[in-house]
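Report on the following structure.
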Amino acid sequence: MAKILIVDDAKFMRMTLTNILKNGNHEIVGEAENGQEAVEKYEALSPDLVTMDITMPEKNGIEALKEIKAQSEQAKVVMCSAMGQQKMVVEAIEKGAKDFIVKPFDESRVLDAIDRVLN
């Protein structure tokens with residue numbers, strides 16, 4: 001069981017991920033709705049893993065990823081992207097993201113990705 005921080009500007013997406021991850025016996029330690037909040041909550045909560053939306057207001061997921069990786073090289077971040085964001089996903093992986101999951105979320109794919117990154 002991992003402590004997970006969920007970052008997405010859409011409340012519905014955060015709720016969806018929360019339900020999937022709780023079904024996978026993970027603990028949700030926090031939620032953030034933009035990249036700035038994600039960086040602050042990562043520092044405050046020290047989660048085992050972060051799910052990070054790419055497109056968000058204030059600070060996008062890639063900028064937040066870079067700041068989190070600067071805080072902790074061990075940070076495990078899984079990017080969440082809509083179809084058609086391959087270029088940004090590639091950039092996120094180059095900046096240190098461990099994996100990515102595609103919206104709309106498929107429960108087994110999400111849990112597989114999380115388990116892969118944690119192990």
Side-chain angles (χ1 to χ4, degrees):
M1 179 167 103
K3 295 186 297 188
I4 299 177
L5 171 63
I6 297 176
V7 184
D8 199 301
D9 57 328
K11 174 100 181 116
F12 173 75
M13 287 298 173
R14 294 196 309 270
M15 283 174 47
T16 302
L17 270 177
T18 295
N19 292 335
I20 290 172
L21 295 168
K22 282 185 174 175
N23 287 345
N25 293 320
H26 297 292
E27 178 188 351
I28 308 309
V29 293
E31 292 184 9
E33 55 188 52
N34 63 57
Q36 184 58 46
E37 209 179 298
V39 173
E40 291 162 9
K41 290 206 172 172
Y42 182 85
E43 195 170 356
L45 301 169
S46 300
D48 300 319
L49 186 137
V50 180
T51 64
M52 179 84 68
D53 187 20
I54 291 180
T55 311
M56 293 181 290
E58 273 183 62
K59 183 176 288 181
N60 72 32
I62 292 174
E63 292 167 343
L65 167 69
K66 286 193 276 194
E67 287 188 35
I68 287 171
K69 292 299 277 188
Q71 271 182 39
S72 165
E73 285 183 29
Q74 317 318 311
K76 293 179 175 164
V77 180
V78 174
M79 302 307 286
C80 304
S81 73
M83 290 304 246
Q85 289 183 315
Q86 284 85 346
K87 196 172 153 204
M88 290 178 93
V89 167
V90 169
E91 184 183 348
I93 299 291
E94 287 170 352
K95 301 277 190 275
K98 302 289 186 199
D99 206 339
F100 68 95
I101 47 182
V102 178
K103 298 173 183 176
F105 298 124
D106 174 78
E107 183 163 342
S108 63
R109 285 215 178 119
V110 169
L111 293 174
D112 286 349
I114 299 295
D115 290 341
R116 253 197 323 275
V117 171
L118 290 170
N119 297 322

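Quick note: residue numbers are just sequence positions, from 1.
- In this structure, Lys69 contributes its side chain and Ala75 its backbone to a donor-acceptor pair below 3.5 Å.
- Side chains of Gln71 and Glu67: a donor-acceptor N/O pair is absent below 3.5 angstrom, by distance only.
- Between Leu118 and Ala2, the shortest heavy-atom contact is CD1-CB, 3.5 Å.
- One distance of note links CD1 of Ile6 with CG of Asp8; it measures 9.0 Å at 0.5 Å rounding.
- For the pair Ile28/Leu5, no side-chain contact is recorded, criterion being any heavy-atom separation below 4.5 Å from C-beta on.
- A side chain to side chain contact (heavy atoms under 4.5 Å, CB included) with Phe105 is found for one member of Ile20, Thr51, Asn19 and no other, namely Ile20.
- The CG atom of Leu65 sits 6.0 Å away from the CE atom of Met52 when rounded to the nearest 0.5 Å.
- No more than 12 heavy atoms of other residues, nucleotides or ligands sit less than 6.0 Å from atom CD of Glu43.
- A distance-only check finds no donor-acceptor pair linking the side chain of Glu37 to the backbone of Asn34 [under 3.5 Å].
- Contact of the Val89 side chain with the Met79 side chain is not registered, since no non-hydrogen atoms from C-beta on lie closer than 4.5 Å.
- Side-chain atoms of Asp48 come within 3.5 Å of backbone atoms of Lys3 as a donor-acceptor pair (strictly under, hydrogens ignored).
- Residues Glu27 and Met1 have side chains in contact (heavy-atom distance under 4.5 Å, counting atoms from C-beta outward).
- Looking at Lys41, its side chain does come within 3.5 Å of a backbone N or O of Glu31 through a donor-acceptor pair.
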